Amino acid sequence: MKKLNGFFAALIVACALTFVFAFAGCATDARGDQPDGTIADGHSIAYAFTVSESLITVDDGSMLDYMNALKRKGELVFEGEDGSYGFYITSVMGIGSVAVSSTDNSYSGWDWSVYTTVTTIDGTTYSDDKTTFVYNGVTLYKASYGVSGVPCVAGQSYALVYEFSSMTW
């Protein structure tokens, strides 16, 4: 009976996590639904938002500044660390990176990526148009920078997307 109660408790927590994502934050976790553990275009979970100046003044701010404001309001829970390329997201709403395979010259696993509608500002390209993610009818582009390098622009949309990636070097 204790195992059954534990199962139901875990099920309730899993269901509750789905509803935790308020306003523009909405989530679906479909890992395992397809043979490679992904849903459409390799994307799994997303937390998305459109920047409103009512939350913070966005002049000269980054996506990370806005995320920190959402965190202070209790609307977004995330963890990360500073790295050589800026702030690296390691967990969103309790869902962290998972390495599937890692060698001296390759890596594959589930990680958080940044997508945005911000493309080019003052000659700097912040996202490419080759990798897109459509969320609630809005096309977002994979950022060329992390959350601390993408500018926060009023009216623009941003998403943290949990996706499978694989790379070699």
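Since we're looking at a predicted model, the values are computed, not measured.
- Under a 3.5 Å cut-off, the side chain of Asp65 and the backbone N or O of Asn68 do not form any donor-acceptor pair.
- Partner of Ser157 under the side chain to side chain donor-acceptor pair (under 3.5 Å) criterion, chosen from Thr116, Thr50, Asn136: Thr50.
- With a 4.5 Å cut-off on side-chain heavy atoms, Met167 and Ser106 do not count as touching.
- Within the 4.5 Å cutoff, the side chain of Tyr115 has heavy atoms near those of the Thr131 side chain.
- When side chains are defined from C-beta on, Thr168 does not count as touching Asn105, because their heavy atoms never get closer than 4.5 Å.
- Annotation for Ser166 and Ser108: closest pair OG-CB, 3.7 Å, computed over non-hydrogen atoms.
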task = Dump the intermediate steps for side chain to side chain donor-acceptor pair (under 3.5 Å) on Thr90 and Glu79, then the final yes or no.
result = CA-CA 6 Å; Thr90 57; Glu79 301 296 327; over 6 Å; no
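- Among all heavy-atom pairs drawn from Thr124 and Tyr145, the shortest one is CG2-OH, 3.7 Å.
- The two residues Met63 and Ala159 have their closest heavy-atom pair at CE-O, 4.2 Å.
- Tested against Tyr47 for a side-chain contact (heavy atoms from CB on, under 4.5 Å), the candidates Leu70, Val161, Ile95, Val77 yield a single pass: Leu70.
- Stacking of Lys71 on the aromatic ring of Phe78 is recorded, both the 6.0 Å distance cut-off and the 45° axial limit being met.
- Grouping the Ile, Leu, Val, Met, Phe, Trp and Tyr side chains by contacts below 4.5 angstrom, directly or via other members, places Val147 apart from Tyr88.
- Cluster membership check: Tyr158 shares its hydrophobic cluster with Ile121, using side-chain heavy-atom separations under 4.5 Å among Ile, Leu, Val, Met, Phe, Trp and Tyr.
- For the pair Ser148 (side chain) and Phe87 (backbone), a donor-acceptor distance under 3.5 Å is present.
- Note: the hydrophobic cluster containing Phe164 does not contain Tyr107 (ILVMFWY, side chain heavy atoms under 4.5 Å, direct or indirect links).
- Tyr141 approaches Thr119 most closely through the heavy-atom pair CD1-CG2, 3.9 Å.
- Taking the six-membered ring where the residue is Trp, the centroids of Tyr66 and Phe49 are separated by under 6.0 Å.
- Across Val150 and Tyr126, no two heavy atoms sit closer than the pair CA-CD2, 4.4 Å.
- Inter-residue side-chain proximity for Met67 and Arg72 is flagged as unmet; no heavy-atom pair is nearer than 4.5 Å.
- Scanning all heavy atoms of the two residues, the minimum distance from Trp112 to Leu160 falls at CZ3-O, 3.5 Å.
- Between Val153 and Val51, the closest side-chain pair of non-hydrogen atoms is not below 4.5 Å.
- Distance alone, capped at 3.5 Å, places no donor-acceptor pair between the Trp110 side chain and the Gly96 backbone.
- One hydrophobic cluster holds both Leu64 and Val114 under the rule that ILVMFWY side chains link at heavy-atom gaps under 4.5 Å.
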request  = Let me see the working for Ser97 and Asp111 under side chain to side chain donor-acceptor pair (under 3.5 Å), right down to the final yes or no.
outcome  = CA-CA 5 Å; Ser97 299; Asp111 292 293; 3.0 Å; yes
